[in-house]
Visitor: 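Sharing a structure, written as structure tokens. Questions coming.
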Amino acid sequence: MAAPTVVTIAIGALVRSILFYSFVAEWLIDRVEIATPLTSWKSMVEGLTLLDAGISPYAGDTFHETPLLLYSFHYLRSISPSLVPLVFVIADLLTAWTLRSAAQIAIKFLFNQQQDEKKNYASDVGPLLIADRDLTAVPDLVLAIYLLCPFSIVTCVAQCSVVFVNLALAITFLTTLQGNLGGATLSLACASYQSLYPAMMIVPMAMHMALVKLETLSNKTLSYRRVEAVKTMARVVVFFCVWMACLVGLSFLMLNSWEFLGSTYGFVLAVPNLQPNLGLFWYFFTEMFDHFRTFFLCVFQINAFIYTAPLVLKLRKHPLFVMMVQCMLISIFKSYPGVGDTTIYLALLPVWSHSSHYFRNGLVVGVMLVLSTVLAPVIWHLWIYAGSANANFFFAFTLIYNTAQIFLITDLVFGFLRREFALKHGMEILDECGKKREVRLQ
């Protein structure tokens, strides 16, 4: 392990540990930008209190965590309550290391793919190629971004359950890249069990597993219509469904009741709690007439899933990239998002940094993210405590935050596709006849 990596891990662990035992921790637990009704530590404490009192946490409308996480913390607190912060810190460190390992495999996979196809590239595409130094620099950068990103730090210190979803997603990326079908489907099932929305990632995961299977055959005809590809994708889906059934069945055995389904997944889909957050749901449905609510609720929820179809059709040769984009879409369109939902894809951005040559809105995205995250707590204070602002002010910064992410997605996808085109046709612009011409600035 390189010295910079050790230093980064030590700094990440030290910052989290110091903040856990400072006054900042109590303040972060209550922040609506970080904790949601689904992920907040206060909700977990209430659920544990009800469980200790012999009352079902799912009987009311205050607890919405999954039973397995509830009983895990119940057991942990029975051993020692002081272990809880340690578990969050360890989970975050494991996530960072897993992302580093995934990035190491991913960049090597993309580099080898580039070497195999390099003979078909145009001669002037040097700036678009993955360099040898990226094989070591990118994994370390991924680790540093995750551990030192303010979003991941505050999410960990606020003890949001998003930390465990991120860990499951990181393991999903790693095991998918390793071709570990059982581990990949189990980790994705755990993330989906906890958060529901990651279930859409089963499609690109199955496609990647099929490509890996085809590449191991002597005849490397990469087509999803081949029998081997279809069988592999079917196995992925079956394994995922079996794991999900096991997790849900185990939850039923713990409670001897199905009432947790309405309080967890029903809560995610129906969005009954309109507490302000960084999402797009709460403001619209606060203003919505009841007789329109069901229709627009379906429209909003479909947004999180519907983009999977065009993405896998257009980027069918790049399922790993589709998984990355889906993480970004989830952080925008899920019903109760927080800043912790962005940490996985922000950390993995360097893996596709070779597409940054065609990014157009980097400065705008950076300024919008900083502006929204810094000023949102200020506007919240002016609205709730000072009474000199209103919901429109806070929602404006919510829109800025999500618009920045949308700009980032469009930039990333455009840069990726433009690079793919340039690799074959060159970096110069093509005229209508397909001949290269010089571009003169007017």
Side-chain angles (χ1 to χ4, degrees), residues 102 105-106 109-110 113 165-166 168-216 222-248 265 268-269 298-335 341 344-345 348 351-352 405-406 409-410 412-413 416-417 420:
I105 299 174
F109 174 82
L110 294 174
Q113 193 177 58
V165 178
N166 288 341
L169 288 175
I171 296 173
T172 298
F173 275 99
L174 177 60
T175 50
T176 300
L177 284 160
Q178 292 173 337
N180 184 346
L181 189 149
T185 50
L186 174 58
S187 56
L188 183 61
C190 290
S192 304
Y193 167 79
Q194 187 65 32
S195 184
L196 187 63
Y197 291 98
M200 71 177 79
M201 296 171 67
I202 189 64
V203 179
M205 175 192 286
M207 294 171 66
H208 179 77
M209 292 291 185
L211 290 180
V212 171
K213 177 66 176 179
L214 292 176
E215 288 178 352
T216 59
L222 301 181
S223 172
Y224 292 111
R225 296 181 179 180
R226 291 187 60 181
V227 176
E228 296 87 351
V230 173
K231 287 183 178 178
T232 301
M233 290 188 287
R235 286 183 64 204
V236 171
V237 174
V238 169
F239 268 66
F240 173 76
C241 293
V242 169
W243 286 126
M244 278 296 294
C246 291
L247 292 172
V248 173
Y265 309 131
V268 171
L269 295 174
C298 293
V299 172
F300 272 61
Q301 293 288 10
I302 287 172
N303 260 293
F305 298 91
I306 198 171
Y307 300 107
T308 298
L311 282 172
V312 297
L313 290 175
K314 181 62 179 177
L315 301 167
R316 56 188 176 276
K317 295 182 180 179
H318 310 281
L320 287 175
F321 183 70
V322 174
M323 291 177 68
M324 164 79 168
V325 175
Q326 284 182 321
C327 284
M328 304 172 78
L329 291 171
I330 290 171
S331 69
I332 297 172
F333 293 111
K334 69 185 298 187
S335 51
D341 295 301
I344 291 291
Y345 78 75
L348 290 175
V351 176
W352 285 275
Q405 294 187 83
I406 292 171
I409 290 178
T410 54
L412 185 63
V413 174
F416 184 88
L417 294 175
E420 290 292 306

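Fair warning: this is a prediction, and the values are worked out from it, not measured in the lab.
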Visitor: Which residue pairs satisfy the side-chain hydrogen bond (donor to acceptor under 3.5 Å, both in side chains) criterion with at least one member in residues 172-182, sequence neighbours excluded?
Guide: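 Qualifying pairs: T172-S187.
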
Visitor: Hey, does the side chain of Y224 reach the backbone of L211 with a donor-acceptor pair shorter than 3.5 angstrom?
Guide: no

Visitor: Rounded to the nearest 0.5 Å, how far apart are CE of M201 and NE2 of H208?
Guide: 12.0 Å

Visitor: Rounded to the nearest 0.5 Å, what separation is found between the OH atom of Y307 and the CD1 atom of I302?
Guide: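 One gets 10.5 Å once the value is rounded to the nearest 0.5 Å.
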
Visitor: Drop me the distance from W352's CH2 to F321's CZ, to the nearest 0.5 angstrom.
Guide: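 Spacing of CH2 (W352) from CZ (F321) equals 7.0 Å.
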
Visitor: Distance from L315 atom CG to M323 atom CE, nearest 0.5 Å?
Guide: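 Between atom CG of L315 and atom CE of M323 there are 14.0 Å.
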
Visitor: Please collect all salt bridge (charged side-chain N to carboxylate O under 4.0 Å, His left out) contacts where either partner lies in residues 182-202, sequence neighbours excluded, each pair once.
Guide: none

Visitor: Between the side chain of Q194 and the main-chain N/O of V165, is any donor-acceptor distance below 3.5 Å?
Guide: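 Looks like no, no N/O pair under 3.5 Å.
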
Visitor: Starting at CG of L320, measure out to CE of M205 and round the result to the nearest 0.5 Å.
Guide: 10.0 Å

Visitor: Between Y197 and S335 (side chain of the first, backbone of the second, donor and acceptor by atom type, cut-off under 3.5 Å), is there such a pair?
Guide: yes

Visitor: How long is the gap from CG on N303 to CD1 on I332, to the nearest 0.5 Å?
Guide: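 One finds 10.0 Å between CG of N303 and CD1 of I332.
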
Visitor: With a 4.5 Å heavy-atom cut-off, do D341 and I330 have their side chains touching?
Guide: no

